[in-house]
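Since the structure is predicted, the reported quantities are computational estimates derived from the model, not experimental observations. Keep in mind that the numbers below use all heavy atoms, side chains included, and drop hydrogens, waters and symmetry copies. Proteins come first, then strands; the chains are lettered A, B, ... in the order of their sequence lines, and each starts at number 1.
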Amino acid sequence: MIVAVVAAASPPISPPYLNSNPGSFGDRKQLLFKLQKCKSIQHAAPIHAHIIKNGNPNDPFILFELIRICSRCCSIEYASKIFRQTPDPNVFLYTAFIEVLVSSGAYFDGIRTYFQMIKYFILPDNYIIPLVLKACGSALDLKSGEQIHCQVMKLGLSSDRFLRVKLMELYGKCGEFNDAKKVFDEMPQRDVVASTVMISCYLDHGLVSKAMDEFRLVSTKDNVCWTAVIDGLVRNGEMNYALELFREMQMAGVKPNEVTVVCVLSACAQLGALELGKWVHSYVEKYNIQVNHIVGSALVNMYSRCGDIDEAASLFEDLKARDVTTYNSMIVGYALNGKSMEAIKIFQRMKHEGVKPTSITFSGVLNACSHGGLVDIGFDIFGSMETEYGIERRIEHYGCMVDLLGRVGRLQEAYDFIQKGNIAPDNIIWGSLLSACRIHKNFELGERVAKILLEYGAADSGTYILLSNVYASRGKFKEAAQVRAKLREEGVQKEPGCSSIEVNNEIHEFLLGDIRHPKREAIYSKLKELNHMLESEDYAPATDVISQDIEEHEKRWALSIHSERLAICYGLISTKPCTTIRVVKNLRVCNDCHSVIKLISKITRRKVVVRDRNRFHHFENGVCSCGDYW
DNA sequence: GTAGGGTTAG
């Protein structure tokens, strides 16, 4: 299909050179030159036909150029055909052919082809070896890689810089840092490329401080080196550190490229740092950084994960380059922000425009159905996944369906859906049903589900808390206490709640009852003022979730110092009236905070946007976009 | 006469 489209779109080929005399040297040179310029095999086919008819079809130089064209347009088939028909391929042809295989991800075929060449006694050189080492690294084929390393020594090629970089990459990818470091240390002069590979090796395996030590030793850091470190820090969850380095990079006068921008946007998205994200966006425009589909997707993702879904949507519309990931970013963004119908519309548009959805598309769109309580649409889409799109339904998709049924209170159906046995349920699926049971106050089923979760032995801290809350809600305080005791006994760590807010391009983090902030006095006096105002509102604190044996007013206080409330108070005292307050929390918002934030939005006339572990809550004038189900 | 390095989004 694609081939046909490309062929149709290609300009008609009317090459005057085809009429020239193929016998003379000049014509052959001209043909080679033309082949070097070809971007696709469609352009080259008539030239190839001409050569077969009039010239020497086994000319190794011509064949070499033909296979290189296949590399440019990822045409394994055409390359294989040429390669198979070549009587005695030389090392150049092997290199070009393996390049086609490796660039298409056929690593093992590339490695096999290389060893076949060795079998035919063709001597490898310092071009083909790095290529095959790259394949070994990508395929995590350490054994073949080591074998090739031995050949490198025997052939006396180990001083080649390119080759060393690929050896390091191989060892790094396979987790053999010592070997990677050994190759690195044996280099007479360290250059920035080798250092970047070494740093990436460490970062790929979470060795942040080793990577940073190495990074600080690099004397001339270029933008790729900076970017590799920033990206690695983001992948290791060190967002603030990554942003700090991004600032440092600019101070050092190194200009970020589009890859840098994508990594920094990812950090902003994860932190919910909208102001900084906007600044990066303006930077992209100011310095003419190309907004390709990757940068476009990263921008859409950043805006939607920072809760500015309108900006994400308008940017999405303006993008010149869109691919499946861009669509996925938009769908997931809408789902996160509770805009279910919009997510479905994008999904339909995707279908209409012939963009093939992926597994992530369906996670997004089914999630949207779940947040919107759109049961019928959700089941239609779920049903179409395999039949219409040929995409395997995975556990996360089943999870969305359980969520969907649970949300609308069809708990027994959700239970039966799990029990049908189409997929082995995990603790996330049971946990979501348990949560639904709690919200719809179906304690009988809730207890049954909770017991399944405990039998599993895979219950995390959240499950224990949920189970304890189910018991507490049924008045079974003894059981609730037992579950909490078991939680402590088994040493299941409860991840501490942490909320952050961005003010003046800085991220401020708060833990439960945090008193570390320099403005703590003003924050707590705002908190007390709000608590006082809440008393005159119709608000009853959900103190029943507090399991400690303390006085009622102490329980109220324990609830009011939840991290998100501290972050909101800081937002209230440090931003202008009417500014939207945006908070990111690592856990789910508790019931009580949810009720309180609704009231805060009403009392203070501020929009409050909270991103919790699962989704966004847009609070405005006493109402939340989630419709009180999350 | 043929060729080559490190960093990108959900």
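- Among the heavy atoms of the strands lying under 4.0 Å from K166(A) are primed sugar atoms or P, OP1, OP2 only; no base atom is included.
- Atom CZ in F316(A) sits about 15 Å away from atom P in dG10(B), given to the nearest Å.
- Applying the side-chain hydrogen bond (donor to acceptor under 3.5 Å, both in side chains) rule to pairs touching residues 298-311 of chain A yields H281(A)-Y303(A), sequence neighbours excluded.
- Applying the ring pair (Phe, Tyr, Trp, His ring centres under 6.0 Å) test to residues at least two apart or on different chains, the pairs with a partner in residues 226-280 of chain A are F215(A)-W226(A), W279(A)-Y283(A).
- Qualifying side chain to side chain donor-acceptor pair (under 3.5 Å) partners for Q36(A), counting only residues two or more places apart in sequence or in other chains: E65(A).
- Relative to the side chain of T325(A), the nucleotides dA3(B), dT7(B), dA9(B) differ in distance, and dA9(B) lies closest.
- In this model, a donor atom of one side chain and an acceptor atom of the other lie less than 3.5 Å apart for Q151(A) and Y114(A).
- As rounded to whole Å, 12 Å separates atom P of dT7(B) from atom CG of N257(A).
- Proximity of R72(A) to the phosphate of dA3(B): no side-chain N or O atom is located under 4.0 Å from OP1 or OP2.
- Relative orientation of the F64(A) and F92(A) rings is perpendicular, given thresholds of 30° and 60° on the angle between their planes.
- If you measure from atom CD1 of I98(A) to atom P of dG4(B), you get 15 Å, rounded to the nearest angstrom.
- Of the residues in residues 239-256 of chain A, none has a non-hydrogen atom less than 4.0 angstrom from any atom of DNA chain B.
- V165(A) comes within 4.0 angstrom of a base, heavy atoms only.
- Between S71(A) and S103(A), the shortest heavy-atom contact is OG-OG, 4.1 Å.
- Between T260(A) and N257(A), the side chains place a donor N or O and an acceptor N or O closer than 3.5 Å (distance only, hydrogens not considered).
- The shortest distance between the side-chain N/O atoms of R305(A) and the OP1/OP2 oxygens of dG10(B) is not below 4.0 Å.
- Contacts between residues 332-348 of chain A and DNA chain B, defined by a heavy-atom separation below 4.0 Å, involve V332(A), listed by number.
- With sequence neighbours excluded, the residues that form a side chain to side chain donor-acceptor pair (under 3.5 Å) with T326(A) are S297(A), D323(A).
- Candidate nucleotides dG10(B), dA3(B), dT8(B) were compared by shortest atom distance to the side chain of T95(A), and dA3(B) ranks first.
- Contact check of residues 207-234 of chain A against DNA chain B (heavy atom, cut-off under 4.0 Å) returns D222(A), V224(A), C225(A), T227(A), A228(A), D231(A).
- Looking at S266(A) and Q270(A), their side chains do bring a donor and an acceptor atom within 3.5 Å of each other.
- Within 4.0 Å (heavy atoms only), V192(A) reaches at least one base atom of the nucleic acid.
- M168(A) has its CE atom 11 Å from the P atom of dT7(B), to the nearest Å.
- For the pair L265(A) CG and dG10(B) P, the computed distance is 10 Å after rounding to whole Å.
- Atom P of nucleotide dT2(B) and atom CD1 of I69(A) are separated by 18 Å, given to the nearest angstrom.
- For F177(A), the ring-ring contact (aromatic ring centres under 6.0 Å, His included) partners are H205(A), not counting sequence neighbours.
- The nearest whole Å value for the distance from the CG atom in L133(A) to the C1' atom in dG5(B) is 12 Å.
- The residue R164(A) sits apart from the nucleic acid: no heavy atom pair falls under 4.0 Å.
- When heavy atoms are screened at a 4.0 angstrom cut-off, T358(A) is found touching base atoms of the nucleic acid.
- When side chains are defined from C-beta on, I129(A) does not count as touching V132(A), because their heavy atoms never get closer than 4.5 Å.
- Distance from the side chain of H293(A) is smallest for dA9(B) among the nucleotides dA9(B), dG6(B), dT7(B).
- Checking dG10(B), dA9(B), dG4(B) against the side-chain heavy atoms of D160(A) singles out dG4(B) as nearest.
- D323(A) comes within 4.0 angstrom of a base, heavy atoms only.
- Residue F92(A) has its side chain nearest to dT2(B) when only dT7(B), dT2(B), dA9(B) are considered.
- With F362(A) as the aromatic partner, R393(A) does not meet the cation-pi criteria of under 6.0 angstrom to the ring centre and within 45 degrees of the ring axis.
- Residues passing the ring-ring contact (aromatic ring centres under 6.0 Å, His included) test with H397(A): none are found, sequence neighbours excluded.
- Closest to the side chain of F162(A), from the set dT2(B), dA9(B), dG5(B), is dG5(B).
- Between Y327(A) and F316(A), the ring centre distance stays below 6.0 Å.
- Not counting sequence neighbours, R247(A) has no partner by the salt bridge (charged side-chain N to carboxylate O under 4.0 Å, His left out) test.
- By the criterion of a centre-to-centre distance under 5.5 Å and near-parallel planes under 30°, the ring of F61(A) forms a stack with the base of dG1(B).
- The stretch residues 121-132 of chain A touches DNA chain B through D125(A), N126(A), Y127(A), P130(A), each having a heavy atom within less than 4.0 Å of the strand.
- Computed from coordinates, the Q290(A) CD to dA9(B) P distance equals 16 Å when rounded to whole Å.
- One finds no side-chain N or O of N301(A) lying less than 4.0 angstrom from the OP1 or OP2 phosphate oxygen of dA9(B).
- Y334(A) is linked by a ring-ring contact (aromatic ring centres under 6.0 Å, His included) to nothing, counting only residues two or more places apart in sequence or in another chain.
- Between the base of dG10(B) and the side chain of S329(A) there is no donor-acceptor pair shorter than 3.5 Å.
- Nucleic acid contact for E169(A): sugar-phosphate only, since backbone atoms but no base atoms lie under 4.0 Å from a heavy atom of the residue.
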